[in-house]
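Down below is the structure, laid out as structure tokens.
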Amino acid sequence: MEIRIQDLTVRDRYKLLIGTVVPRPIAWITTRAENGIVNLAPFSYFNAVASNPPTLAVSFSWNPDRDDHHKDSLRNLLASRECVVNVVSETDAEVMNLTATDFPQDIGEVSYLGVTLSESQTIETPRVASAPVAFECGLDRTVQIGDGPGSSTLALLTVNHVFVADDVIDDGFYVNVERLAPLARLAGGYYSLLKKPFELNRVRFSDLKK
Ligand SMILES: Cc1cc2nc3c(=O)[nH]c(=O)nc-3n(C[C@H](O)[C@H](O)[C@H](O)COP(=O)(O)O)c2cc1C
């Protein structure tokens, strides 16, 4: 099928992109509002995009339910200029999903759902205690992509400090991905786990057989 994506509705463009760019890692983001309430929500328009400075990218979609069209996480991030990106492991799948519920602004999902937090080392915003990895981030910049329904605000986040659970990393910074058990998002309500990791070594052109 050849698809002229410009002719699709915003909803169908979204379905096509999230159904084909798979699996996507999930940034489970803690932010802190000015009144101290901690917000927690998952975002899968997410990836690591640079190593020096270490940078993550997350994209927040237009929110029809708020006057400023910002999700609460984005509003907090713009005000405090910091957040924690927590990695979601298999064991946190169900509670992660509940944190995507449209909680009213004055109800923090963290206390409502009984999620345990731990203090961060370099920022005021706490991390999720059960997350095997947590990136303490500062907001580098935002880039507005489009406007109105379907538009997004892309945030580039500079990683200032990383927590990794002792049982998933060794002294050489090798991560045991099977112990990490990261959850990934597919389309709709579908998720996936790493099934069968395998290794391919990089080949130099000069080593290729003619
Ligand atoms: C697995 C998963 C991934 C999601 N990814 C995104 C995303 O990349 N961008 C986005 O704006 N919303 C995404 N959402 C929806 C938000 O999590 C949802 O709108 C949430 O209520 C936002 O919370 P907040 O208003 O407290 O920031 C995702 C939801 C789930 C369950």
Side-chain angles (χ1 to χ4, degrees), residues 10-11 13-49 55-113 115 117 125-128 130-131 133 135 137 139 142-157 181-194:
V10 168
R11 171 104 199 116
R13 292 176 194 183
Y14 168 78
K15 273 166 56 186
L16 185 60
L17 289 179
I18 71 158
T20 50
V21 183
V22 283
R24 292 182 309 289
I26 302 169
W28 201 18
I29 298 186
T30 31
T31 53
R32 204 165 163 273
E34 267 154 359
N35 61 8
I37 291 182
V38 174
N39 192 280
L40 177 60
F43 298 90
S44 68
Y45 270 164
F46 162 63
N47 224 308
V49 293
T55 304
L56 306 178
V58 183
S59 170
F60 300 91
S61 306
W62 197 81
N63 183 358
D65 302 329
R66 298 271 194 270
D67 291 343
D68 61 3
H69 303 304
H70 286 167
K71 301 216 170 174
D72 296 339
S73 305
L74 176 61
R75 187 175 319 99
N76 292 345
L77 175 63
L78 291 171
S80 69
R81 301 196 67 82
E82 64 174 51
C83 68
V84 179
V85 173
N86 302 275
V87 169
V88 184
S89 69
E90 184 178 355
T91 45
D92 281 328
E94 282 184 24
V95 66
M96 175 283 297
N97 187 40
L98 294 175
T99 61
T101 303
D102 55 341
F103 281 87
Q105 237 168 316
D106 55 336
I107 298 186
E109 26 292 79
V110 169
S111 48
Y112 191 91
L113 297 171
V115 175
L117 300 174
T125 309
R127 65 180 169 87
V128 173
S130 57
V133 178
F135 300 100
C137 298
L139 177 62
T142 58
V143 178
Q144 186 58 35
I145 303 173
D147 52 56
S151 64
S152 289
T153 304
L154 174 72
L156 296 182
L157 306 169
L183 184 72
R185 183 160 191 220
L186 306 173
Y190 282 87
Y191 293 87
S192 76
L193 293 166
L194 281 183

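Ligands are counted one by one from 1 in listed order, and the atoms in each one are counted from 1 as well.
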Going by the atom numbers of ligand 1, which of them fall below 4.0 Å from some non-hydrogen atom of Ser61?
9 (N), 10 (C), 11 (O)
Please report which non-hydrogen protein atom sits nearest to atom 27 (O) of ligand 1, along with the residue it belongs to and the distance in Å to one decimal place.
Ser73 OG, 2.5 Å
Considering the heavy atoms of Phe60, write down every atom of ligand 1 situated less than 4.0 Å from one of them.
11 (O)
Taking atom types as modelled, find out whether Asn39 and Thr30 have a side-chain donor-acceptor pair closer than 3.5 angstrom.
no
Starting from atom 25 (O) of ligand 1, what is the nearest protein heavy atom, named by residue and atom, and what distance separates them?
Asp72 N, 3.0 Å
Just which atoms of ligand 1 are under 4.0 Å from any heavy atom in Glu109?
26 (O)
Would you check, one step at a time, whether the test side chain to side chain contact (heavy atoms under 4.5 Å, CB included) holds for Phe46 with Ile26?
CA-CA 7 Å; Phe46 162 63; Ile26 302 169; 5.8 Å; no
Considering heavy atoms of the protein only, find what lies nearest to atom 20 (C) of ligand 1 and give residue, atom and distance to 0.1 Å.
Ala100 O, 3.7 Å
Have a look at Leu77 and tell me which of Leu157, Asp72, Val58 forms a side-chain contact (heavy atoms from CB on, under 4.5 Å) with it.
Leu157
Within-cut-off N or O pair, Asn97 and ligand 1, under 3.5 Å:
no
So do Tyr191 and Leu186 actually touch side chain to side chain, heavy atoms under 4.5 Å?
no
State whether the shortest distance between N or O atoms of Thr99 and N or O atoms of ligand 1 falls below 3.5 angstrom.
no
Could you tell me how the ring of His69 sits relative to the ring of Trp62: parallel (under 30°), tilted (30 to 60°) or perpendicular (over 60°)?
parallel
So which heavy atom in the protein is nearest atom 3 (C) of ligand 1, and how far is it from that ligand atom?
Arg185 NH1, 3.3 Å
Considering only heavy atoms of Thr101, which atoms of ligand 1 have at least one such atom less than 4.0 Å away?
21 (O)
Over all atoms of both residues, closest heavy-atom pair of Ile18 and Arg24:
O-NH1, 2.9 Å
Considering only non-hydrogen protein atoms, determine which one is nearest to atom 8 (O) of ligand 1 and report residue, atom name and distance to 0.1 Å.
Tyr45 N, 2.8 Å
Ranked by distance from atom 23 (O) of ligand 1, the top protein heavy atom is Ala41 CB, 3.3 Å
Which one of Ala33, Ser44, Pro42 has a non-hydrogen atom at the shortest distance from atom 13 (C) of ligand 1?
Pro42
among protein heavy atoms, the one nearest atom 26 (O) of ligand 1 is Asn39 OD1, 3.0 Å
Nearest to atom 19 (O) of ligand 1, what protein heavy atom do you find, and at what distance?
Lys71 NZ, 2.8 Å
Does even one non-hydrogen atom of Arg24 get within less than 4.0 Å of ligand 1?
no
Are side-chain heavy atoms of Phe43 and Ile29 found at a separation under 4.5 Å?
yes
Would you name the heavy atoms of Thr99 and Pro42 that are closest together and state the gap between them?
OG1-CD, 3.5 Å
Go through ligand 1 atom by atom and flag the ones less than 4.0 Å from a non-hydrogen atom of Tyr191.
1 (C), 31 (C)
For Asp147, does the CG atom sit with more than 12 other heavy atoms under 6.0 Å from it, leaving out its own atoms?
no
Region of Ser59 that comes within reach of ligand 1 [heavy atoms, distance under 4.0 Å]:
backbone
For the atom pair CZ (Arg32) and CG (Leu40), what is the distance rounded to the nearest 0.5 Å?
15.0 Å
Taking atom types as modelled, is there a side-chain donor on Gln144 or Thr153 under 3.5 Å from an acceptor on the other?
yes
